[in-house]
Amino acid sequence: MEPDWEGGLAELRAALGRKLLERPAERLLYRYDALLSGPAPRAVLQAESAADVQVALRSCSRHRLPAVARGGASGLSGGAVPTGPALVISTTRMTRVSIDPAGRLARVEPGVINQQLQELLRPHGLYYPPDPQSSRQATLGGNLAENAGGPQCFKKGVTGDYLLELEFVTADGQLWQMDRSGTDLPGLIVGSEGTLAVITGATLRLSQLPSQVRTARALFGKLEEAGRAVAEIIRRGLLPAKLELMDQASIAAVEQAFHLGLPSAAALLLCDCDGEDPEEVDREIAEVALAFRSAGALQVDLASNPAEAERQWYARRSVSPALGRIKPRRMNEDIVVPRSELPQVMQEIRALGDASGLPLVIFGHAGDGNLHPNIMYDPAEGRWAEVQALAHAIAKVAIAHGGALSGEHGIGLAKRPFMAEAVPQETLRAYRAVKRALDPLNLLNPGKILPEERPL
Amino acid sequence: MEHVIDLEHQAARIAEGADLCVQCGLCLSVCPTYALTGEEIQSPRGRVMLYRAAAVGELMDDQTVLKAAYDCLDCQACQTICPSGVKPGELALETRAALQGGQTHSPPLRAMLEAFKHPWAMDLVNAALLGYQRSGLQGWVRGSGLLRGLASHYGGRWADLQTMESLLPQRPIAPAMRLRRPRWTPHRGAYRGTVAFFLGCVMNAVFSEASAASCELLARNGYDVVLLPETSCCGAPHIEEGDDRGYRQLAAKTARLYGDLAVDAIVTDCAACGAELKKLGRYFADDPELATPLARVSALARGISEFLRWAGIRETGATGPGRPTTYQDACHLCHAQGICKQPRELLQDNPQVAYVELEGADACCGSAGIYNLSHRETSQELLKGKVERVRRSGAEVLAAENPGCLLQLEAGCREAGLAVEVRHTSLILLDAYLEGEAPGGA
Ligand SMILES: Cc1cc2nc3c(=O)[nH]c(=O)nc-3n(C[C@H](O)[C@H](O)[C@H](O)COP(=O)(O)OP(=O)(O)OC[C@H]3O[C@@H](n4cnc5c(N)ncnc54)[C@H](O)[C@@H]3O)c2cc1C
Ligand code: SF4
Ligand code: SF4
């Protein structure tokens, strides 16, 4: 059956009134995320409640209209970008939060911004560990849909590890509320990028802010030594709170943009250990320093006070902003590889970058084996084909070493072409079966994640 | 709808400025209008994409684009945070100019902009305000609640009038200083240099005691102060309203008066004037006549706190105890000029001040030129939040360095029944000198 836009939009209009945006000027602004741009949607719903989402999806089902959920549109895989005529369901007005400090829980709507939750929690001495670098602009709904991670996730786990209960609406307009006991359906929705359901609420687990934090920084003469240091830390059974990598190109980019006085080195690792017992945390950071040295670090610095630690972390946080000044655009890869493979993977990617002649910058959450090789380019230079070829080659390195294409940014539209190579056919079949069971009409975020299936 | 971007070079400039945007969305986190609405069209990223679509002819709905450009406060918080150097605030102004053919179409606005071109008109405004206060009329209007009644009953124009009236300070306004102050104020103590004081229109009309204090401060710090009474408006109101031509007229006058003036700096105590003076050189960089003199003006322009902090302020001789004092960043100081530390440091070093930081101090108070009149509700909502945070700070004194902010904050505190003194930083600093000099002072 073909989509019936006329009838569907009339129904949506009648039911949702001013919450439905239809003017071209407004629709035009819901066609992009932080990576890609697609066709403008036919209409946008500024949802204010789960009931709005239900009403919309019921009409969509009746009239066969595709629907795309959208949070802060900070995604880096084109996830919230329509691939054809669609209704975009924007969650940015669903921002209610309630906090239960004693139970260490937060009940949130999907439009709440990650950072806003953190600010509400701080006075209670609590925090929500998943900390994507986009925490100031990404919604918790988007974090759940991408299973977002960040530096903290090495020790503390990713978004899905903090989900206790999920409220979501399936394509037929049915509202579900489930915890994670029994068959873990919420676990299935997490990371599904809006292709299985629209998330309308969640209960999240919170942690206590650690009272002790120590920071160490190591410089390396070779990129692969930094990889070896990570493997060494894992081998020694250490569990730092954060373990982050910057390569020579990222150090240079930050230095050029912000003049922080960073030393030049082939690679830099930045590590935090945290906990409650000062002696234990001191011991752990000292062992990390040993691991750094045994991997060949040229220099290891322990921050002597919080201000110094903050300065060291400031450099890491400045990587993304600094890259914008090299070339206007970047292709942001998001691979994950087994940590034992890091030295080899880093070396191979660096070699690919050098051979391509394109500026390639590598940084990431080394502790998780999650690397962000970024290819910098200027659309005006017309090297798009080369950029894509390099991205593809990097993805192949990850796969060859037993890794995956998406650590945290999702597959979305951008990495969909690689799926057929990266994922075995049987697994793809299983994904499709799940998709058909929850969204038989293929209305939720069509054209994402799963590669095109030849019609039977 | 007809498409009227007729200033071709401007369309190209807008598209170029917008192309820097990588849509990362970081700016959404600081935009006041986005915080209130959650709508992409009310966000910096959305606005930039919209201006771009209009500039490249992808969207033929100039009215909506123009409205979006006017819904922007031009607070430039987004410019401070954007990692890619996009300037959504400035692009809003360019779009306003481009879509209106370089001139606003509203007759009352045109009249206002015309008045701003004549320095004596500001003296007249000041005289009218003095009359209004001294005749007891203001007391009667406020006491009787007549205007408030009409506004709540009829809304519309009456509500506008009520908003305007409520923005006037309660304290007695001082007479305009433009013609009363000497052209030249000699330095005191050891000579350190000569500066021009750029007198702002609204400062002269409503806050001349603060500008007089600024001149005194400069003199007490060893500077000869030159004040040119023929100075016109800096052009901020004109460019805010898309009046490119008026802006150029005024820039030409500024170039003539200040372009080769033999001074070490051009100091202003108005954030908007400072931002404009610093921008002129860049804005007219391609203008064969104005480029050179305006580049010099821009290079010499300084905010009063910026200048005093750079020069190193002399001991005041005052002693404590300090009053709890907080500081509101003017958007055109902190976001447009990056002046955030200097005013705070001056206040913190002042023995009469016990400094407390204001939560969200760098977020717009909603004054934003004439935004508080053109977008009353949004402005009031921003102001309400601001006043609440001032209350929570526990401060007795609230410092700011821009006439629009001072008016807005004073009205907000008065309406909320919050007994906070709203003062220009210069007045606070001068008080410290006066106390230090007083017989029996330290
Ligand atoms: C500078 C920068 C740094 C980043 N750093 C990180 C990082 O460190 N770690 C990381 O993991 N990511 C990072 N990201 C990527 C991005 O911010 C995350 O993927 C984030 O979770 C997306 O949230 P959003 O609200 O912007 O979602 P959107 O971009 O709006 O949507 C992302 C996907 O989620 C779906 N979706 C959104 N809301 C819902 C909902 N309520 N129900 C169902 N589906 C929904 C959309 O359909 C889409 O497929 C970064 C991005 C940028 C621009
Ligand atoms: S204007 Fe700057 S901060 Fe905002 S989306 Fe564009 S690049 Fe990001
Ligand atoms: S200038 Fe202010 S109101 Fe305008 S887009 Fe930027 S942050 Fe928003």
Side-chain angles (χ1 to χ4, degrees), chain A residues 21 23-37 40 44 46-48 70-76 80-81 88 90-95 111 113-116 119 133-139 142 257-258 317-325 327-330 332 378-380, chain B residues 1 3 15-31 33-54 56-69 71 77-78 80-86 95 99 359-360 392:
Chain A
L21 311 179
R23 288 189 303 164
E26 292 166 324
R27 295 192 278 115
L28 206 64
L29 306 181
Y30 291 83
R31 62 175 170 175
Y32 50 74
D33 70 358
L35 183 77
L36 296 172
S37 191
V44 178
Q46 288 266 6
E48 289 174 7
R70 183 186 194 263
S74 72
L76 288 173
V81 174
V88 163
S90 166
T91 63
T92 53
R93 284 202 177 156
M94 297 178 66
T95 53
I113 302 291
N114 182 305
Q115 181 75 27
Q116 283 171 354
E119 274 159 27
Q133 306 281 302
S134 53
S135 63
R136 296 190 65 160
Q137 65 259 51
T139 65
F258 302 108
R317 277 202 305 275
S318 305
V319 174
S320 270
L323 293 184
R325 306 189 186 192
K327 294 268 175 184
R329 300 282 146 152
R330 56 188 170 120
N332 188 343
D378 182 343
Chain B
M1 209 158 301
H3 194 64
E16 223 171 89
D19 277 337
L20 294 174
C21 174
V22 297
Q23 293 134 332
C24 69
L26 185 56
C27 53
L28 273 62
S29 64
V30 295
C31 177
T33 55
Y34 182 74
L36 291 179
T37 60
E39 287 173 26
E40 189 78 16
I41 199 169
Q42 293 281 359
S43 78
R45 175 176 66 182
R47 287 181 175 128
V48 168
M49 291 300 117
L50 201 62
Y51 306 151
R52 185 183 183 283
V56 303
E58 220 177 2
L59 178 70
M60 302 294 172
D61 182 358
D62 290 346
Q63 231 161 327
T64 306
V65 179
L66 196 57
K67 178 174 178 306
D71 284 347
C78 49
T80 299
I81 202 169
C82 174
S84 303
V86 184
T95 304
L99 291 184
E359 179 196 335
R392 280 209 299 268

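FYI, side chains are in, hydrogens and waters are out, and symmetry mates aren't considered; it's all heavy atoms of this structure. Every chain is numbered from 1, with letters handed out A, B, ... down the list of sequences.
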Undergrad: Determine yes or no for a side-chain-to-main-chain donor-acceptor pair under 3.5 angstrom, with Arg93(A) supplying the side chain and Thr37(B) the backbone.
TA: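 Yes; judged by distance alone, with no hydrogens or angles, the pair exists.
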Undergrad: If only atom types and distance count, is the side chain of Ser74(A) paired as donor or acceptor with the main-chain N or O of Gly25(B) below 3.5 Å?
TA: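 No: the side chain of Ser74(A) does not pair with the backbone of Gly25(B).
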Undergrad: What is the minimum heavy-atom distance between Gly38(B) and Thr92(A), and which atoms define it?
TA: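 Looks like O-OG1, 2.7 Å.
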Undergrad: Could you look at Arg70(A) and say if it's the side chain, the backbone, both or neither that has a heavy atom under 4.5 Å from chain B?
TA: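 It is the side chain, since no backbone atom gets that close.
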Undergrad: Please give me the minimum heavy-atom distance between Gly46(B) and Leu29(A), naming the atom from each residue.
TA: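 Closest pair (atom of Gly46(B), atom of Leu29(A), distance): O-CD2, 3.4 Å.
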Undergrad: Which heavy-atom pair separates Gln23(B) from Asp33(A) by the least distance, and what is that distance?
TA: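 Here Gln23(B) and Asp33(A) meet closest at CB-O, 3.5 Å.
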Undergrad: So, does Glu40(B) use its side chain to make a donor-acceptor pair with the main chain of Tyr30(A) at under 3.5 Å?
TA: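 No.
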Undergrad: Specify which of Arg330(A), Gln115(A), Arg31(A) makes the most heavy-atom pairs with chain B at under 4.5 Å.
TA: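 If we count pairs closer than 4.5 Å to chain B, Arg31(A) comes out on top.
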Undergrad: Hey, which of Leu50(B), Asp61(B), Ile41(B) is the one that makes side chain to side chain contact (heavy atoms under 4.5 Å, CB included) with Glu26(A)?
TA: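 When Leu50(B), Asp61(B), Ile41(B) are each tested with Glu26(A), the side chain to side chain contact (heavy atoms under 4.5 Å, CB included) holds only for Ile41(B).
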Undergrad: What is the minimum heavy-atom distance between Cys24(B) and Ala34(A), and which atoms define it?
TA: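 Looking at all heavy atoms of both residues, the shortest contact is CA-CB, 3.8 Å.
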Undergrad: Ignoring hydrogens, what is the shortest heavy-atom contact between Arg136(A) and Ser29(B)? Give both atom names and the distance.
TA: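 Minimum heavy-atom contact is O-CB, 3.3 Å.
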Undergrad: Can you tell me which portion of Cys27(B) sits under 4.5 Å from chain A's heavy atoms? Options are side chain, backbone, both or neither.
TA: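 Contact with chain A: none, neither part.
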Undergrad: Taking side chain as everything from C-beta outward and backbone as N, CA, C, O, which of these in Ile113(A) sits under 4.5 Å from a heavy atom of chain B? Side chain, backbone, both or neither.
TA: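 When you check distances to chain B, no heavy atom of Ile113(A) falls under 4.5 Å.
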Undergrad: Answer with side chain, backbone, both or neither: which region of Glu39(B) has an atom nearer than 4.5 Å to a non-hydrogen atom of chain A?
TA: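 Interface part for Glu39(B): both.
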Undergrad: Measuring from atom CD of Gln133(A) to atom CG of Leu26(B), what distance do you get when rounded to the nearest 0.5 angstrom?
TA: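 CG of Leu26(B) is found 11.5 Å from CD of Gln133(A).
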Undergrad: With a 4.5 angstrom heavy-atom cut-off, could you sort out which part of Val30(B) is near chain A: side chain, backbone, both or neither?
TA: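 When you check distances to chain A, only side chain atoms of Val30(B) fall under 4.5 Å.
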Undergrad: Which atoms form the tightest heavy-atom contact between Thr64(B) and Arg23(A), and what is the distance?
TA: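 Closest approach of Thr64(B) to Arg23(A), heavy atoms only: OG1-NH1, 3.4 Å.
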